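One structure below.
First the proteins, then the strands, lettered A, B, ... as listed; each starts at 1. Remember, it's a predicted structure, so these values are computed and weren't measured experimentally.
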There are 2 protein chains.
Amino acid sequence: MRQVDTLRRAPLTRDRVLRAAVDLADGTGIDALSMRNLAQTLGVVPMALYKHVANKEELLDGMLDVVVGEIDPPVAGTDWQAAVRERILSARRALLRHPWASRVLETRTAATPVVLQYMDSMIGMFRAGGFSVDLTHHVMHAMGSRILGFSQELFGTPPPSDAPIDPELGRQMAERYPYITEITTKVAHDDASVVGSGCDDQFEFEFSLDLILDGLERLRARGWTSRPD
Amino acid sequence: MRQVDTLRRAPLTRDRVLRAAVDLADGTGIDALSMRNLAQTLGVVPMALYKHVANKEELLDGMLDVVVGEIDPPVAGTDWQAAVRERILSARRALLRHPWASRVLETRTAATPVVLQYMDSMIGMFRAGGFSVDLTHHVMHAMGSRILGFSQELFGTPPPSDAPIDPELGRQMAERYPYITEITTKVAHDDASVVGSGCDDQFEFEFSLDLILDGLERLRARGWTSRPD
DNA sequence: GCGTGCTGGTGTACGCCGTACACCTTCCGA
DNA sequence: TCGGAAGGTGTACGGCGTACACCAGCACGC
């Protein structure tokens, strides 16, 4: 009986653990990912996981490595701006496939080798595009999390609420926050098909990505060195 | 005896709870802020807190309101760019006084009235500066968390490590991540006084803030309406 | 053939956490 | 004087991450 059980299931490996964790987070959300929970989906006792990952932090690191591993390599043969743009949009697609990833990423305190590798190749794209070492340095800071394909939206999608819409409350909103109201009504009017936040996230992402990339190209062309004034 | 105790300590109020929570987070870090812990510093039993805040999420919301309340109001009488710049730097100063705030902010799913008020006035500054409604909308997305004075640095300050520096490991780094090494050695060389990450966070913040603001001014002056092309 | 030691899964237990719920004061207004 | 609200208490529950001791099975040198 024991033997059957043992034989039936494939032996745990670090890789199996990570993949199962990614799947679990994809399916039921990152909040539902606990060591106990993950162990259960693998048909194993919680402590068994610790033979393959040191602790939960390392588990999360490994999960992010899986996600970052899905990002396409750089495309060759175009100008730096198009190449960087395309790569970042690839990163974005990877992150969108795993909605928990950006939130987890924000909690990391150190980069794994996989992430360092990605960063390094990203820096290489700027250097190859004619950016000086120190401009590239500031560029990486300016790109921030966008380099990994997400911009932390303050107050992401609110949890679905079944509260009835109170017209009185809407009036108070309009009174207290006139500018917010101005924008939200305009957006709602322009895009009647909208149900969620009313914003086209992809457009917003590309808008600000291009804003930054264009700014950087101008600095590069101008031969920016230090504080220009 | 009981009476003495009761009389001695000031009665709890929502305000006292929030201030104590902010102080505690400032002093010992956000991870050390638990309901039990907070209650103890207030000389009260954990459940007492729940008479003043609904739950921990609401406590965190309230703490952020305290921080946002410290941001200076807009300065009048300058061009939009200087005004926005100054206000954002004020927000940054507030956030720097409470290092936990940006991390907590990232976990919020809805804005409180205090935050909405801040956002609204910020939007107003762009509108007053001559931005159209829909450009302003995209502007707010492009600014992202920068509007509140922080840019989420991927992999913020690493926890202090007392591990001895392994020269062999450094050589491997240089081999595996040539571009990262190029930058870090240059930064370390330029700024010999540095001990931490080697980056002047304030400079990096202003660099990318100005990059964005300059880009926005150009869009505004050009009369940007929709996808330019 | 047989100890021996390693790899990986198990079971129990600890100390945290947020918070539901029932209780008991205290005090104020009718 | 009394009723009830407001605010502090005590106990308890279910969850979490994980330390630690244990044990099954296998590979290998003798």
Tell me whether the NZ or CZ atom of A/Arg92 lies within the 45° cone about the ring axis of A/Phe205 and under 6.0 Å from its centre. yes
Cut-off 3.5 Å, side chains only: do B/Arg176 and B/Thr181 have a donor facing an acceptor? no
In this structure, how many angstroms lie between the P atom of C/dT12 and the CE atom of A/Met35, rounded? 20 Å
Rounded to whole Å, CZ of A/Arg14 lies from P of C/dG8 at a distance of 13 Å
Using whole Å, what does the distance between atom C1' of nucleotide D/dG17 and atom CG of B/Asp31 come to? 14 Å
Base of C/dG18, side chain of B/Arg36 - is there a donor-acceptor contact under 3.5 Å? yes
Identify, residue by residue, the members of residues 51-67 of chain A with a heavy atom below 4.0 Å from DNA chain D, and return them in order of residue number, or none. A/Asn55, A/Lys56
Are B/Arg19 and B/Asp23 ion-paired here, with the side-chain N under 4.0 Å from a carboxylate O? no
Whole-Å distance separating the CG atom of A/Leu38 from the P atom of D/dC16: 12 Å
Aromatic contact, B/Phe203 with A/His141 (centres under 6.0 Å): no
D/dT11 P sits how many Å from B/Tyr50 OH, rounded? 18 Å
What's the CG-P distance between A/Leu49 and D/dG17, to the nearest Å? 10 Å
Whole-Å gap separating C1' (C/dT19) and CE (B/Met47): 5 Å
Integer-rounded Å distance: C/dG18 P and B/Asn37 CG: 9 Å
Within a reach of under 6.0 Å around OH of A/Tyr118, are more than 12 heavy atoms found that belong to other residues, nucleotides or ligands? yes
Listed partners of B/Lys51 passing side chain to side chain contact (heavy atoms under 4.5 Å, CB included), at least two apart: none
